[in-house]
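Labels below follow one simple rule: chain letters A, B, ... track the order of the sequence lines, proteins then strands, and each chain is numbered from 1. Below, each value reflects all heavy atoms present in this structure, side chains not excepted, and no hydrogens, waters or symmetry copies. Everything quoted here is computed from the prediction, not taken from an experiment.
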Amino acid sequence: MLRRAMVDRVTRVESRPLPRAFYERDVVPVARQLLGKLLVRQTPEGVTSGRIVEVEAYLARDDPANHAFCGRTRRNAVMFGPPGHAYVYAIHSRWCLNAVTEPEGVPSAVLIRAVEPLEGMALMRGRRSARSRRRPAEAPGECDLARGPARLCEAFAIDRTLNGWDLTQGKVLWIAETTIASGRGDAARRDPAAPGILTAPRVGVTSAHDLSLRFFLANSAFVSRPGPR
DNA sequence: CTACCGATTGACT
DNA sequence: GTCAATCGGTAGA
């Protein structure tokens, strides 16, 4: 039994998807509790996964930065659907991944801004190098593989074909319970509920600067912007 | 169909 | 820190 646990720990311990009830709550606690969870992408090429280290919440009400602020459109329709689905949108020719939250009809979501790569780093590196429009001077370093919402989608092969995907199915693309996995040391074992979550204004939004809705793990080298701005 | 905008990134001062 | 490439979504003719 103990031996089994140790074997599991070496690979990927926990890949069971979070249930829909996890997402069907206020977007801010969902965002904070997504820190430390495992984002998993399964393709024919293999598995890539990483620990979520940075997120942003987009509120259903009184949040001009929310894509759904002016009502439902074809683009943001997924946000009005059931929780636990992926909302993937394009910005500046790149893709960004959100998890839809709160009950159906309440258009809120959590933007996944950065993950700490754990599995499939070679795959991520290949995708990032191949798809970079401006060819990087050198291959992206490990810290840059999935730091930033669009880089993350590039590394995980996430594009509009996954818009609306049910993240609770445990296949193709899902978010799993906290992982113990791999040799990243204490950073990989941080309890997301414990102190260590920092709060800051969201990145890149041109309105609602008074709202501090970006959450990230302190001392993580994989966060897109470690400081308040 | 065209025009405009942007929850970004990579390059540069 | 600043700047703009670049293209999907959206609104409007």
Side-chain angles (χ1 to χ4, degrees), chain A residues 23 27-28 30-32 34-35 39 50 52-81 85-102 106-115 117 124-165 167 198-216 221-229:
Chain A
Y23 301 97
V27 62
V28 167
V30 172
R32 296 178 63 94
L34 278 174
L35 293 174
L39 179 69
I52 297 171
V53 297
E54 180 182 358
V55 298
E56 285 177 358
Y58 287 83
L59 310 180
R61 300 173 70 84
D62 302 319
D63 182 3
N66 189 328
H67 287 168
F69 182 67
C70 297
R72 181 177 181 146
T73 67
R74 196 164 67 245
R75 174 209 205 184
N76 65 28
V78 172
M79 268 205 280
F80 289 81
H85 286 246
Y87 167 48
V88 180
Y89 71 91
I91 176 76
H92 286 269
S93 319
R94 297 155 186 276
W95 302 106
C96 293
L97 170 69
N98 295 254
V100 174
T101 64
E102 310 208 23
V106 182
S108 60
V110 176
L111 172 68
I112 312 298
R113 281 198 58 90
V115 307
M124 296 186 200
R125 197 180 307 275
R127 288 166 176 158
R128 291 265 296 126
S129 304
R131 290 170 58 181
S132 288
R133 343 197 147 319
R134 312 199 195 216
R135 132 189 2 252
E138 39 201 288
E142 185 176 308
C143 287
D144 293 330
L145 286 176
R147 180 168 63 182
R151 296 185 208 183
L152 178 163
C153 284
E154 210 169 77
F156 280 66
I158 294 167
D159 62 18
R160 67 169 176 216
T161 64
L162 289 171
N163 187 36
W165 184 262
L167 296 170
L198 297 182
T199 303
R202 293 172 294 187
V203 173
V205 302
T206 55
S207 55
H209 268 290
D210 51 317
L211 298 174
S212 280
L213 293 174
R214 181 165 75 100
F215 308 103
F216 56 101
F222 301 87
V223 166
S224 70
R225 284 168 172 76
R229 294 195 51 87

Practice prompt. Indicate yes or no for a side-chain donor-acceptor contact from A:N98 to the backbone of A:A109 under 3.5 Å, with no hydrogens or angles considered.
Written response: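 Pair absent, no side-chain N/O of A:N98 close to backbone of A:A109.
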Worksheet entry | Modelled atom types, side-chain donor and acceptor of A:Y23 and A:H85, under 3.5 Å |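 Side chains of A:Y23 and A:H85: no pair found under 3.5 Å.
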Worksheet entry | Residues A:S108 and A:T101: side-chain donor-acceptor under 3.5 angstrom | yes
Response to the item:
Heavy-atom nearest pair, A:V100 first then A:M79, reads CG1-O, 3.8 Å
Worksheet item: Which heavy-atom pair separates A:F156 from A:G50 by the least distance, and what is that distance?
Response: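 Residues A:F156 and A:G50, closest heavy atoms: CZ-N, 3.8 Å.
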Item to complete: Could you check if a side-chain atom of A:R160 sits within less than 4.5 angstrom of a side-chain atom of A:Y89, using non-hydrogen atoms only?
Response: no
Worksheet entry | Student check: side-chain heavy atoms of A:Y58 and A:V110 closer than 4.5 Å |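 Not in contact.
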Discussion item. Considering every strand and a 4.0 Å limit on heavy-atom distances, what is the contact class for A:N76: base, sugar-phosphate, or nothing?
Written reply: sugar-phosphate
Practice prompt. Return the value, rounded to whole Å, for the distance between atom CD1 of A:I158 and atom C1' of C:dG8.
Written response: 18 Å
Fill in: Gap between atoms CG and C1', on A:L162 and C:dG8 respectively (whole Å)
17 Å
Item to complete: Go through DNA chain C and write down every stem, that is, every run of at least three consecutive Watson-Crick or G-U wobble pairs with distances under 3.5 Å, as range with range.
Response: B:1-6 with C:7-12, B:8-12 with C:1-5
Name the pairs: protein N/O against N/O of nucleotides 6-8 of chain B, kept only if under 3.5 Å.
| residue | atom | partner | partner atom | Å |
| --- | --- | --- | --- | --- |
| B:dG6 | N2 | A:H92 | N | 3.2 |
| B:dA7 | O4' | A:Y58 | OH | 3.4 |
| B:dA7 | N9 | A:Y89 | OH | 3.4 |
| B:dA7 | N7 | A:A65 | O | 3.1 |
| B:dA7 | N7 | A:H67 | NE2 | 2.7 |
| B:dA7 | N1 | A:N98 | OD1 | 2.7 |
| B:dA7 | N3 | A:Y89 | OH | 3.1 |
| B:dT8 | OP1 | A:R113 | NH1 | 3.2 |

Worksheet item: Quick one: salt bridge (Lys or Arg N to Asp or Glu O under 4.0 Å) pairs with a partner in residues 55-67 of chain A, sequence neighbours left out?
Response: A:E56-A:R113, A:D63-A:R202
